[in-house]
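Small disclaimer: the values here were computed from a predicted structure and weren't measured. Reckoned from all heavy atoms, side chains included, excluding hydrogens, waters and symmetry mates.
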Amino acid sequence: MPYRAPVSEIRFVLDHVVGFGRVAATGTFAEATPETVEAILTEAGKMAEEVLAPLNRQGDLHPARLENGVVRTSPGFAEGFAAIARGGWLGMSADPEHGGMGLPTTLTMAVNEMIGSACLALQLNPLMTQGQIEALEAHASDELKALYLPKLISGEWTGTMNLTEPQAGSDVGALRTRAEPNGDGTYAITGQKIYISWGDNDFTENVCHLVLARLPEAAEGTKGISLFMVPKKLPDETGKAGVANSLKVVSLEHKLGLHGSPTAVMQYDGATGWLVGEPHKGMAAMFTMMNNARLGVGVQGLSIAEAAMQHAIGYALDRKQGRTAHEGGTILHHADVRRMVLSMKAHTFAARALAMDTAVSLDMAKATGEAGWKARAALLTPIAKAYGTDTGIEIASQGIQVHGGMGFVEETGAAQYARDVRVTAIYEGTNGIQAMDLVGRKMMDGGAAAFALMDEMAGTGHERLETALAELRALTEWLLEQDMQDRFAGAVPYLAAFARVLGASYHLRAAVADPARKPMADVAVSMLLPEATAEMAKARAGAAALYAVSDDVVAA
């Protein structure tokens, strides 16, 4: 089934569920008029359907490869990236001073959803570049901004982020890459980085790497890390990509999915780099890019959820098998298939609303500077990342189930969604790390932001939602009284419960705005809130039982 960009559904969520009108009402984003939003979503949807979606299978069947040190990308990816760049989609939210559109992050995320549904392997490239743009805008010197931002925004150059090393994954502070001053304001970067998405390509003039490294005599751990811009080719005196820098792609990973996205092992041998931000403050600068990417990766999960759902529904509408509730009906009329499909729709809608709600909070924080919006965005980000990606994984799996035996056959395309989306729960901070962030850092305010969000959802008069909110509030109060180990033990189910309560709330808002959506909202609430109650019970279990099981028993 060909991918159809859900433009009207995205517009409904923006207008009637997450209150995007508040963003457009600010002076900062006054240009995001209804007419502009409609034009952007329509044009991006058309590009996703007609240009990018046909590339998805090509990337899977013809992976990026390394030939004599040169990365060769999948057929059609160069043209696909050119269409993204030509449309201005890379710099939608970037500063107009350097060629960006200055539009809300919410619209960028909406466009990214459609690009990701069409071809996730290619969408990783602009996602990395967008994150780098935001990091440079926030932390780079005026000279670096003037040189790099226009080219990143135009798509002449692309960006990556280099954090992980063989011995330093989630523990970024264990990195060993070194940065030695050259005496002329530049630094010699030496070390190896792994899992670098789109570490190279054959369709742009330059690839710009943001690399975490440690200066001489820097402190151990994350406090001693600095951030550097290390381009593949050194800019010449005119700002164009010049001679090659002292770095190379050592190899490309052989991955479960996302075959069209080259994931590189990068080697830096005294490569020339420029400091971004202050010395030893690299993690703060990199977190700007990482937080951008965390919401972006949550949207990637949503992207696959939408695409896999469309694929499964298309099959269910066509496939006839066995006796159904309707004479001559397709498998969509089997109760269990209908249950799976409606579950897909319930969770996909909730994940979209959550992602857009998070983006609205980010935009309102930027436009108003108000602490409440900043806290709301910070709280929602780990929930959106984890729930969006978990949803993508679950729906891709259910999509295979709807296809039955044909789902396990690669030619149907259902399996690719499951393979492509699986990594999203791992990168940009595993979903376990997102959950620990939620019950750790995000609860350092005594739960104020969480309780404020619960207050927003209250007062609907919907008995089941009000009951779930009371349970969630009580659980949050209980967690705040526990030590951190017990909090961490229940962090993942707590996040899952919070997401499902939010999801039910979004569905009920949709039903108020459009009564025709009430039957779907009723089904969604009946699915989401019981799951929330079960997850809350798991969250209260604590850590003691986990550690009462000896290592010998675990290993037996």
Side-chain angles (χ1 to χ4, degrees), residues 66 69-71 124 128-129 131-132 135-136 139-140 144 148 157-201 206-235 241 243-255 261-290 293 426-430:
L66 186 63
V70 178
V71 170
L124 261 171
M128 294 293 98
T129 300
Q132 187 172 112
L136 292 177
H139 302 285
L144 286 179
Y148 285 91
W157 297 359
T158 57
T160 75
M161 61 176 175
N162 287 227
L163 292 80
T164 307
E165 299 180 8
Q167 79 295 336
S170 299
D171 183 11
V172 179
L175 67 82
R176 297 172 186 160
T177 299
R178 307 187 313 276
E180 301 282 346
N182 287 327
D184 60 358
T186 66
Y187 297 81
I189 312 299
T190 301
Q192 188 176 96
K193 298 288 185 176
I194 63 173
Y195 303 150
I196 310 307
S197 296
W198 281 96
D200 199 8
N201 68 72
N206 209 355
V207 180
C208 309
H209 303 286
L210 280 182
V211 181
L212 289 178
R214 203 180 300 279
L215 290 163
E217 301 179 4
E220 293 298 314
T222 57
K223 292 182 179 179
I225 296 174
S226 300
L227 182 64
F228 300 88
M229 169 59 75
V230 189
K232 172 184 174 181
K233 295 181 180 179
L234 297 171
V243 300
N245 206 348
S246 300
L247 58 89
K248 63 182 178 181
V249 177
V250 175
S251 63
L252 299 181
E253 302 293 356
H254 300 281
K255 300 177 296 184
S261 169
T263 300
V265 175
M266 300 295 303
Q267 182 67 39
Y268 297 88
D269 295 309
T272 301
W274 286 261
L275 184 66
V276 176
E278 299 179 31
H280 317 305
K281 303 292 184 182
M283 282 305 295
M286 185 60 89
F287 261 114
T288 300
M289 186 172 184
M290 289 175 66
I426 298 171
Y427 59 31
E428 304 314 326
T430 66

Audit row: Glu253, Val265, side chain to side chain contact (heavy atoms under 4.5 Å, CB included) steps and yes/no: CA-CA 8 Å; Glu253 302 293 356; Val265 175; 3.4 Å; yes
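A distance of 5.5 Å separates CG in Leu212 from CG in Leu227, rounded to the nearest 0.5 Å. Between the OG atom of Ser261 and the CE atom of Met128 there is a distance of 9.0 Å, given to the nearest 0.5 Å. For the atom pair Leu234 CG and Asn245 CG, the distance stands at 4.0 Å (nearest 0.5 Å). Distance check, rounded to the nearest 0.5 Å: CE of Met266 to OG1 of Thr160 gives 7.0 Å. One finds the OG1 atom of Thr177 at 8.5 Å from the CD atom of Gln192 (value rounded to the nearest 0.5 Å).
Of all heavy-atom pairs between Ile225 and Val172, the closest is CD1-O, 3.8 Å. The minimum heavy-atom distance linking Ala174 with Ala168 is given by the pair C-CB, 3.7 Å. The shortest heavy-atom contact between Val249 and Ala264 is CG1-CB, 3.9 Å. Residues Val207 and Trp198 share a closest heavy-atom pair of CG1-O, 4.2 Å.
Identified under the salt bridge (Lys or Arg N to Asp or Glu O under 4.0 Å) test for residues 181-194, with sequence neighbours left out: Glu165-Lys193. Sequence neighbours left out, not one pair with a member in residues 207-229 passes salt bridge (Lys or Arg N to Asp or Glu O under 4.0 Å). The list of ring pair (Phe, Tyr, Trp, His ring centres under 6.0 Å) pairs with a residue in residues 161-185, not counting sequence neighbours, is empty. Sorted by first then second residue, the ring pair (Phe, Tyr, Trp, His ring centres under 6.0 Å) pairs that include residues 169-197, not counting sequence neighbours, are Tyr187-Phe228.
When side chains are defined from C-beta on, Met229 counts as touching Leu210, because their heavy atoms get closer than 4.5 Å. Two residues are said to be in side-chain contact when any heavy atoms from C-beta on lie closer than 4.5 Å; Tyr268 and His209 meet this criterion. Pro181 is listed as a side-chain neighbour of Pro216, based on a closest heavy-atom distance under 4.5 Å.
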Let me check something: any side-chain donor-acceptor pairs from residues 269-284 under 3.5 Å, sequence neighbours excluded? List them with distances.
from	atom 1	to	atom 2	distance (Å)
Asp269	OD1	Gln267	NE2	3.2

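Within the 3.5 Å criterion, the main-chain N or O of Trp157 finds no donor-acceptor partner in the side chain of Asn206. Of the possible donor and acceptor atoms, none in the side chain of Glu180 sits under 3.5 Å from a partner among the backbone N and O of Ile189. At least one donor-acceptor pair closer than 3.5 Å links the side chain of Thr129 to the backbone N or O of Gly159.
Remark: Lys255 engages Thr263 in a side-chain hydrogen bond (donor to acceptor under 3.5 Å, both in side chains) (not counting sequence neighbours).
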